[in-house]
Amino acid sequence: VQLQASGGGLVQAGGALRLSCAASSGIPGVMAWYRQTPGNQRDLVARITYGGVTTYGDSVLGRFAISRHNAKNTMFLNMNDLKPEDTGRYFCYAWSAEDHWGQGTLVTVSS
């Protein structure tokens, strides 16, 4: 399974972005977004099961919304009210018999 992430960019604080992740094949049971900043580990931003059950990191709860389109093997992350601390490289993750990671997409939020 190859994962292609897109949608990152530069935005001012309070703005919004939408990330997308497309899986090349398979039907991932779980898909998720992780965020990483230099020198730090990847932290969970949000995850969603095939059935639509969602989990969010505490820092994004109420501002971000994860969704997926199973028929198209695509996952989305709507990010609202962005804050400078949301800055980082966002990685797409999928579990389909094993872990799969996509390339990151950079999100930069200016104050």
Side-chain angles (χ1 to χ4, degrees):
V1 177
Q2 292 184 332
L3 302 173
Q4 182 68 43
S6 60
L10 173 64
V11 64
Q12 289 188 333
L17 283 174
R18 190 189 199 207
L19 304 184
S20 300
C21 175
S24 62
S25 63
I27 306 176
V30 174
M31 299 186 77
W33 291 98
Y34 284 76
R35 178 174 61 222
Q36 187 172 29
T37 54
N40 295 308
Q41 65 182 18
R42 293 180 186 180
D43 292 326
L44 176 69
V45 175
R47 69 190 290 268
I48 185 167
T49 68
Y50 181 82
V53 177
T54 58
T55 305
Y56 294 94
D58 289 342
S59 66
V60 306
L61 197 60
R63 299 186 297 120
F64 290 11
I66 190 170
S67 60
R68 63 188 288 175
H69 192 305
N70 289 332
K72 296 184 178 181
N73 273 346
T74 305
M75 172 180 64
F76 306 97
L77 184 68
N78 288 302
M79 305 186 294
N80 298 304
D81 189 23
L82 282 161
K83 303 176 180 182
E85 51 264 41
D86 295 320
T87 294
R89 186 167 293 277
Y90 285 68
F91 290 89
C92 175
Y93 165 88
W95 185 88
S96 181
E98 59 185 2
D99 294 333
H100 300 276
W101 291 93
Q103 92 290 357
T105 184
L106 185 62
V107 172
T108 303
V109 184
S110 62
S111 57

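Since the structure is predicted, the reported quantities are computational estimates derived from the model, not experimental observations. Computed over heavy atoms, backbone and side chain alike; hydrogens, waters and symmetry mates excluded. One is the number of the first residue; the rest follow in order along the sequence.
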Thr49 side chain vs Gly52 backbone, donor-acceptor pair below 3.5 Å: yes

Donor-acceptor under 3.5 Å (Thr87 side chain, Glu85 main chain): no

Gln103 CD to Cys21 SG distance, which is reported to the nearest 0.5 Å: 8.0 Å

same_hphob_cluster(Val109, Met79) at 4.5 Å side-chain heavy-atom cutoff: yes

Where Pro28 and Arg68 come nearest, the two heavy atoms and their spacing: O-NH2, 2.6 Å

Result of checking Val60, Leu44, Val107 against Arg35 for side chain to side chain contact (heavy atoms under 4.5 Å, CB included): Val60

From Ser24 atom OG to His100 atom NE2, the distance as rounded to the nearest 0.5 Å: 8.5 Å

Minimal non-hydrogen separation, Gly88 against Leu106, with atom names: O-CD1, 3.6 Å

Greater than 12 external heavy atoms within 6.0 Å of Asp99's CG: yes

Path from Phe64 to Phe76 over hydrophobic side-chain contacts below 4.5 Å: no

Point-to-point distance, once rounded to the nearest 0.5 Å, from OG1 of Thr37 to CG of Asn40: 3.5 Å

Ring centers of Trp101, Tyr34 separated by less than 6.0 Å: yes

Pair up each side-chain donor or acceptor in residues 4-19 with any protein partner under 3.5 Å, not counting sequence neighbours, and list the distances.
{"unit_1": "Arg18", "atom_1": "NE", "unit_2": "Asn78", "atom_2": "OD1", "d": "3.3"}

Over-ring placement of Arg47 relative to Trp95, 6.0 Å and 45° cut-offs: no

side-chain contact (heavy atoms from CB on, under 4.5 Å) between Met75 and Ile66, intermediate numbers included: CA-CA 7 Å; Met75 172 180 64; Ile66 190 170; 3.8 Å; yes

Closest non-hydrogen atom pair, Asp86 against Arg63: OD2-NH1, 2.8 Å

Minimum-distance pair of heavy atoms, taken over all atoms of Ala46 and Leu77: CB-CD1, 4.2 Å

Nearest heavy-atom neighbours spanning Leu3 and Cys92: CD1-O, 3.6 Å

Intermediate values then yes/no, side-chain contact (heavy atoms from CB on, under 4.5 Å), Tyr93 and Met31: CA-CA 6 Å; Tyr93 165 88; Met31 299 186 77; over 6 Å; no

Exam field: side chain Arg89 to backbone Gln36, donor-acceptor pair closer than 3.5 Å: no

Crowding at CD, Gln2 (>12 non-hydrogen neighbours, <6.0 Å): no

Distance-minimising heavy-atom pair for Ala65 and Tyr56: CA-OH, 3.3 Å

Linked, directly or transitively: Val1 and Val30 (ILVMFWY side chains, under 4.5 Å): no

